[in-house]
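In what follows, a structure is listed as structure tokens, so that the remarks can point back to it.
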Amino acid sequence: MKTTAAGEPVVVDDFVVTDHEFSRFTAFVHRQTGIALNETKRPLVCSRLSKRLRHYGYVRLRQYYDHLTERDPTGEELAHMVNALTTNKTEFFREAHHFALLRTEILERCATANGPRRLRVWSAGCSSGEEAYSIAFTVLDGLEDAADWDVRILASDIDTNVLALATRGVYAANRVAGVPAALRERYLLRGRGPSEGLVRVRPEVTRLVTFRRINLRDEAWPIRAAFDAIFCRNVLIYFDHALQRRVVRRLAEHLKPGGHLFLGHSESLLGMGPGLRSLGKTVYAKVRGGEHR
Ligand SMILES: C[S@@+](CC[C@H](N)C(=O)[O-])C[C@H]1O[C@@H](n2cnc3c(N)ncnc32)[C@H](O)[C@@H]1O
């Protein structure tokens with residue numbers, strides 16, 4: 001255990017954390033969310049939690065742990081804890097080549113298929129919604145006769161704060177710089193007067209997207225759909241290897257044959273994805289007839 005010169009436990013961000021308290025707490029976070037936090041994350045974890053501990057007047061991590069495990073029957077504080085600990089960095093058209101591929105491969109495949117004019121996409125770990133709306137802009141712009149198509153985009157996250165922002169669909173104007181100008185004009189409304197400096201996603205876009213809280217760590221996901229594409233980008237990096245494998249296998253189960261899985265730039269499926277074939281640049285296609293168990 002790290003101690004001060006006087007042999008006292010370490011005080012981080014004005015509360016006390018021993019090695020034992022920290023490892024017991026991170027094991028709890030891992031069980032609840034799948035997020036793997038090692039010793040190097042201790043300062044980050046403590047600074048993100050300090051507001052929650054101050055809220056209750058707690059001076060030790062142990063007190064907060066006891067609260068979460070013994071005095072939180074509704075899970076209200078658990079949600080606050082999860083919201084405080086997640087990393088939500090995102091942006092519109094992040095890794096723009098994925099949206100280029102969505103447009104060419106998927107939309108072309110759909111447009112030439114004889115089946116029902118239906119497209120289903122999932123943004124798993126959607127943060128504040130930029131990824132889901134980037135998908136929606138791409139689909140609306142890329143599909144000929146988009147109005148004749150049944151398009152639905154599911155966007156999910158474990159963090160209820162970012163989901164509230166996403167559902168609102170209002171962003172600071174400087175956050176939409178990555179949206180190509182033509183799409184910005186077509187699908188975003190510029191705020192005036194008191195809303196100056198803000199943009200709002202147009203209703204014809206928001207109505208395609210359903211935001212839901214889904215914890216990818218959970219054994220069962222409340223989803224029946226099979227998707228043409230799943231974006232699960234920059235989420236798996238927070239999980240350990242065993243959970244990454246499990247989540248990838250289950251995401252693949254939710255893909256239609258030939259459907260695409262998009263991962264973040266530092267997330268590779270090396271040795272993880274039987275039934276998935278690499279298309280390069282962290283994009284994978286479900287092999288037709290490829291079964292996952
Ligand atoms: C860094 S953001 C990535 C956002 C977006 N996909 C992108 O690439 O820009 C990671 C998101 O994963 C979410 N997340 C972390 N653990 C999760 C879990 N167990 N289930 C669902 N979402 C989770 C976080 O709340 C966060 O919003």
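Side chains included, hydrogens not; waters and symmetry mates left out as well; all remaining heavy atoms used. Each ligand, and each atom within it, is numbered from 1 in the order the structure gives.
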Under a 4.0 Å heavy-atom limit, does I158 contact ligand 1 with its side chain, its backbone, both, or neither? both
What atoms of ligand 1 come closer than 4.0 angstrom to any heavy atom of E131? 5 (C), 6 (N), 7 (C), 8 (O)
R233: which of H98, H265, E267 passes side chain to side chain donor-acceptor pair (under 3.5 Å): H98
Proximal atoms of ligand 1 relative to S127 (non-hydrogen, under 4.0 Å): 4 (C), 27 (O)
Just jot down the ligand 1 atoms closer than 4.0 angstrom to any heavy atom of T86, in number order. 24 (C), 25 (O)
Below 4.0 Å from ligand 1: does a non-hydrogen atom of F239 turn up there or not? yes
Which of F93, Y284, Y133, F262 passes ring-ring contact (aromatic ring centres under 6.0 Å, His included) with F231? It is F262
Which residue owns the protein heavy atom closest to atom 20 (N) of ligand 1, what's the atom, and how far is it? L216 N, 2.9 Å
Any link between V205 and L107 through a network of hydrophobic side chains (Ile, Leu, Val, Met, Phe, Trp, Tyr) touching at under 4.5 Å? yes
Suppose I only count heavy atoms of R233 and a 4.0 Å limit; which atoms of ligand 1 are within that range? 3 (C), 5 (C), 6 (N), 7 (C), 8 (O)
Quick one: do R246 and E219 make a salt bridge, cutoff under 4.0 Å? yes
Distance to 0.1 Å, residue and atom name: give those for the protein heavy atom nearest to atom 4 (C) of ligand 1. G125 O, 3.3 Å
When you look for heavy atoms under 4.0 Å from ligand 1, do you find them on the side chain of Y238, its backbone, both, or neither? side chain
Tightest non-hydrogen contact, residues W221 and N215, listed as NE1-O, 3.5 Å
Under 4.0 Å to a heavy atom of K89 - the qualifying atoms of ligand 1, by number: 1 (C), 2 (S), 3 (C), 4 (C), 9 (O)
Is it the case that the side chains of D157 and S127 hold a donor-acceptor pair, with the cut-off being a distance below 3.5 Å and no angle test? no
Return the residue, atom name and 0.1 Å-rounded distance of the protein heavy atom closest to atom 8 (O) of ligand 1. N234 ND2, 2.8 Å
What are the atoms of ligand 1, with element, lying closer than 4.0 Å to any heavy atom of V235? 12 (O)
Name the closest protein heavy atom to atom 21 (C) of ligand 1, giving the residue it belongs to and the distance to 0.1 Å. I214 O, 3.3 Å
Please confirm whether the ring centroid of F15 lies under 6.0 Å from the ring centroid of Y64. no
Do me a favour and list the nearest non-hydrogen protein atom to atom 26 (C) of ligand 1 with residue, atom name and distance? T87 O, 3.2 Å
Provide, to 0.1 Å, the distance between atom 11 (C) of ligand 1 and the closest protein heavy atom, together with that atom's residue and name. D157 OD2, 3.7 Å
Residues E253 and K286 bridged, charged N to O under 4.0 Å: no
closest protein heavy atom to atom 9 (O) of ligand 1 is T90 OG1, 2.6 Å
Criterion salt bridge (Lys or Arg N to Asp or Glu O under 4.0 Å) on E185 and R190, from CA distance to verdict: CA-CA 9 Å; E185 285 306 309; R190 222 175 279 273; 3.5 Å; yes
Which of the numbered atoms in ligand 1 are under 4.0 angstrom from any heavy atom belonging to D159? 25 (O)
Under 3.5 Å, is there a donor-acceptor pair linking the side chains of H67 and E77? no
Please check this pair: side chain of R212 against backbone of L163, looking for a donor-acceptor N/O pair closer than 3.5 Å. no
In terms of side-chain geometry, is the basic nitrogen of R42 or D19 positioned less than 4.0 Å from the acidic oxygen of its partner? yes
Can you report which non-hydrogen protein atom sits closest to atom 7 (C) of ligand 1, along with the distance? R94 NH1, 3.2 Å
Return yes or no for this condition: an N or O of T33 is under 3.5 Å from an N or O of ligand 1. yes
